[in-house]
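Accompanying notes for the structure given below.
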Amino acid sequence: LAKTTQPISMDSYEGQEVNITCSHNNIATNDYITWYQQFPSQGPRFIIQGYKTKVTNEVASLFIPADRKSSTLSLPRVSLSDTAVYYCLVGDDGYSTLTFGKGTMLLVSP
Amino acid sequence: DTGVSQDPRHKITKRGQNVTFRCDPISEHNRLYWYRQTLGQGPEFLTYFQNEAQLEKSRLLSDRFSAERPKGSFSTLEIQRTEQGDSAMYLCASSPSLVGGNIQYFGAGTRLSVL
């Protein structure tokens, strides 16, 4: 699986847009990019997945440039409840396991 | 609630005792995974099943660990002769047959404390 690099932590305030960038220079042609969110004492929760360009759902947007060597998770108008760890993973549709890094700890303040 | 269910949520045991955790996946998900997570780290893969077949095991899964999924439904993870280093959150996840990038759905986990 392609290795990912993301910031260890980020700070924001309520109502702001937050962008978390993940680098995956060795992404393979068949790899998808997936983001999970994890609150303390809970399991990770799927947020969004994409292959190229832009994907948007009710929670977030995922921007993937043409070379796919990075991706950006965009959280619009964050609230205190968005304080969590966010993980970026890459892998193809044949991979059976997920390899998590340490993720990005997002702290949203009032 | 039709999500992944794990039982118990918390387990405290003494070193050397055996413990067993249960996971009930989302119904009709034929893939089931176990992960371990320690403080400040992301989840680490332990093993996975497709239906009742255990198809992959991590090197983290020592011979004290065993997992089963009889009849391809719920799964159990047993740790024999627990050690303090086994203290962690044990997470279970399930997914349907691979579509797209293998989106997995996680349970809330079982937190194990070995005294």
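This structure is a prediction, so every number in the text was calculated from the model and none was measured. Chain letters run A, B, ... following the sequence lines, proteins first, then strands; residues in each count from 1. All heavy atoms count here, side chains included; hydrogens, waters and symmetry mates do not.
- Residue B:Phe21 is grouped with residue B:Leu60 when hydrophobic side chains (ILVMFWY) are merged at heavy-atom distances under 4.5 angstrom, including chains of intermediate members.
- Annotation for B:Ile12: atom CD1 does not count as buried by contact number, only 12 or fewer foreign heavy atoms lying within 6.0 Å.
- Using non-hydrogen atoms only and a strict 4.5 Å limit, no part of residues 62-71 of chain B faces chain A.
- Applying the salt bridge (charged side-chain N to carboxylate O under 4.0 Å, His left out) test to pairs two or more places apart or on separate chains, none has a residue in residues 59-75 of chain A.
- Clustering ILVMFWY residues whenever any of their side-chain heavy atoms sit less than 4.5 angstrom apart, transitively, puts B:Ile26 in a cluster other than the one holding B:Phe74.
- Between A:Tyr36 atom OH and B:Ile103 atom CD1 the span is 6.5 Å, to the nearest 0.5 Å.
- Using a 4.5 Å heavy-atom cut-off against chain A, the contacting residues of residues 105-115 of chain B are B:Phe106, B:Gly107, B:Ala108, B:Arg111.
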Please assess A:Phe100 against B:Phe45 for the test side-chain contact (heavy atoms from CB on, under 4.5 Å), listing each intermediate value before the final yes or no. CA-CA 9 Å; A:Phe100 289 82; B:Phe45 167 76; over 6 Å; no
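- Enclosure of atom CZ in A:Phe39 by more than 12 non-hydrogen atoms of other residues, nucleotides or ligands within 6.0 angstrom is indicated.
- Along residues 78-92 of chain B, the residues that come nearer than 4.5 angstrom to chain A, judged on non-hydrogen atoms, are B:Met89, B:Leu91 in order of number.
- Hydrophobic clustering, with ILVMFWY side chains joined whenever heavy atoms are under 4.5 angstrom apart, groups A:Ile48 together with A:Ile33.
- Under the 4.5 Å side-chain heavy-atom criterion for ILVMFWY residues, a single connected hydrophobic cluster contains both A:Leu80 and A:Ile20.
- Annotation: side chain of A:Tyr87 is in contact with side chain of B:Pro43 (closest heavy-atom distance under 4.5 Å).
- Only the side chain of B:Gln37 comes within less than 4.5 Å of a heavy atom of chain A; its backbone N, CA, C and O stay farther away.
- If you chain together hydrophobic residues whose side chains sit under 4.5 Å apart, A:Val55 and A:Phe63 never meet in one group.
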